[in-house]
There are 2 protein chains.
Amino acid sequence: MAFLNRGAGTMGQTNPPFMSGVPELLLLRLLAQREMYGYELVKSIRLVTGEAISLGEGVIYPVLHNLERGGALKAKRRSVDGRTRVYYRLTAKGRKRLDRLHGEWQRIESGISAALGPVNHVST
Amino acid sequence: MAFLNRGAGTMGQTNPPFMSGVPELLLLRLLAQREMYGYELVKSIRLVTGEAISLGEGVIYPVLHNLERGGALKAKRRSVDGRTRVYYRLTAKGRKRLDRLHGEWQRIESGISAALGPVNHVST
DNA sequence: CACTATACCTCGTAGCACAAGGTATATCAA
DNA sequence: TTGATATACCTTGTGCTACGAGGTATAGTG
């Protein structure tokens, strides 16, 4: 069935692993509440997830850059106390992307929930 | 800080991506209910997740083999209608692994839930 | 003056999930 | 008979994500 290749072209294009994009989702979500800078986002993610998820700067910064390049975020450099911060703000495009990713996540999450089980509540 | 390398040894050992291991979790969970064979598991995952998650044979079989090698599963070949099936059964070790992965998943899932939002309920 | 915290960044790599393809048998239809 | 479809197993190569490590620079503290 190699002939019904998705994108056409040179071949060999794989779909992103089904569980990926969570870092992106978290970033977009946080930035939907207020504008923040990278280092702050790193700390914030650990905080809001109750230490459950801890993403390093090596994960955050590249994602931030990608999102900006894609037009989902707008960056603004600002100097505070002699330190340069890069603040990110969600654009309309980013908002849409957030909604899409959010939906995808919910689908997956509820799928897994269903598989993991009835959770053995008190039965009727 | 390269000196506080986790396992010691040759260097360069990375942690598994924080969201991985879900295929494994699903397989273990299904096999905790009853013994099944590979091809059946492929279909089953699509079913129980309500089409939300669809893992191909290229994902399932290798994971199955790994789990068996690790002693979490016990395999048994059986011939049905002239077709050879490899049935997998959960071992005690597999049961423990399932519980561990299940716990980890819950931690992560609730972390993400928390981040994604209070869901804007009626506030006090 | 060293150490820690803040704040940005990039590079190399490990590991995972993926598509594609390959083997073989059974069933059904043309 | 031939071909297609479904069952049932498998492995190989690769794309991509997330990861750790490391690098720069400034500010504050002991």
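Note on naming: letters A, B, ... go to the chains in the order of the sequence lines (proteins, then strands), and numbering restarts at 1 for each one. Heavy-atom basis, side chains included; hydrogens, waters and symmetry copies ignored.
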**Complete:** Out of C:dA7, C:dT10, D:dC9, minimum distance to the side chain of A:Arg85 belongs to C:dA7

**Asked** For B:Glu57 and D:dA6, what is the distance between atoms CD and P respectively, to the nearest whole Å?
**Response** 13 Å

**Complete:** Only residue of A:Arg107, A:His102, A:Arg100 satisfying side-chain hydrogen bond (donor to acceptor under 3.5 Å, both in side chains) with A:Glu104 is A:Arg100

**Request:** Using a cut-off of strictly less than 4.0 Å, decide whether A:Asn15 has a side-chain nitrogen or oxygen near OP1 or OP2 of C:dA17.
**Result:** no

**Asked** Taking OP1 and OP2 of C:dT10, is either one under 4.0 Å from a side-chain nitrogen or oxygen of A:His65?
**Response** yes

**Message:** For D:dC10 and B:Tyr61 - does any side-chain N or O of the residue sit under 4.0 Å from the phosphate oxygens OP1/OP2?
**Reply:** no

**Test item: A:Thr91 side-chain N/O and A:Gly94 main-chain N/O as donor-acceptor pair under 3.5 Å** = yes

**Asked** For B:Ile53 and C:dC16, what is the distance between atoms CD1 and C1' respectively, to the nearest whole Å?
**Response** 15 Å

**Request:** Give a yes/no answer on whether the side chain of B:Lys43 brings an N or O atom under 4.0 Å of OP1 or OP2 in D:dT7.
**Result:** yes

**Item:** 4.5 Å side-chain heavy-atom contact, A:Arg78 and A:Glu35
**Value:** yes

**Prompt:** If you measure only the distance, is there a donor-acceptor pair under 3.5 Å linking the side chains of B:Ser110 and B:Gln106?
**Reply:** no

**Asked** Whole Å only: how far is the OH atom of B:Tyr87 from the C1' atom of D:dC9?
**Response** 13 Å

**Message:** Students often get this wrong, so: under 4.0 angstrom with heavy atoms, is A:Val86 touching a base, only sugar-phosphate, or nothing?
**Reply:** sugar-phosphate

**Prompt:** What residue pairs, at least two apart or across chains, pass side-chain hydrogen bond (donor to acceptor under 3.5 Å, both in side chains) with a residue in residues 54-66 of chain A?
**Reply:** A:Arg46-A:Ser54, A:Asn66-A:Arg69

**Item:** Distance in angstrom units between B:Arg77 CZ and D:dC9 P, rounded
**Value:** 9 Å

**Item:** Residue pair A:Glu40, A:Arg85: steps toward the salt bridge (Lys or Arg N to Asp or Glu O under 4.0 Å) verdict
**Value:** CA-CA 9 Å; A:Glu40 187 185 8; A:Arg85 295 174 177 174; over 6 Å; no

**Prompt:** Contact class for A:Gly56 (heavy atom, under 4.0 Å): base, sugar-phosphate, or nothing?
**Reply:** nothing

**Prompt:** Given side chains that start at C-beta, do those of A:Leu101 and A:Val22 come closer than 4.5 Å, heavy atoms only?
**Reply:** no

**Complete:** In whole angstroms, the gap separating C1' of D:dT12 from CD1 of B:Ile60 amounts to 18 Å

**Five-pair end axes of the helix from C:dC1-D:dG30 to C:dA30-D:dT1 and the angle they enclose, rounded to 10°** = 0°

**Prompt:** What is the distance from OH of A:Tyr37 to P of C:dA7, rounded to the nearest Å?
**Reply:** 3 Å

**Request:** Using a strict cut-off of less than 4.0 Å between a Lys/Arg side-chain nitrogen and an Asp/Glu carboxylate oxygen, indicate whether A:Arg97 and A:Glu24 qualify as a salt bridge.
**Result:** yes

**Closest nucleotide among C:dA17, C:dT6, D:dC9 to the B:Ser20 side chain** = C:dA17

**Request:** By nearest nucleotide on DNA chain C, pick out whichever of B:Val63 and A:Val59 is the more 5' one.
**Result:** A:Val59

What nitrogen or oxygen pairs link the protein and nucleotides 24-27 of chain D at under 3.5 Å?
| residue | atom | partner | partner atom | Å |
| --- | --- | --- | --- | --- |
| D:dA27 | O4' | A:Arg83 | NH2 | 3.0 |

**Request:** Report the distance from atom CD of A:Glu40 to atom P of C:dA5, rounded to the nearest whole Å.
**Result:** 18 Å

**Asked** In terms of the nearest nucleotide of DNA chain C, which residue is placed more toward the 5' end: A:Phe18 or A:Thr84?
**Response** A:Thr84

**B:Arg46 CZ - C:dC18 C1' separation (whole Å)** = 14 Å

**Donor-acceptor contact present, side-chain A:Ser20 to main-chain A:Pro16, <3.5 Å** = no

**Prompt:** Do the side-chain N and O atoms of B:Tyr87 and B:Arg89 include a donor-acceptor pair separated by under 3.5 angstrom?
**Reply:** no

**Message:** Categorize A:Val42 for me: base, sugar-phosphate, or nothing, with a 4.0 angstrom heavy-atom threshold over every strand shown.
**Reply:** nothing

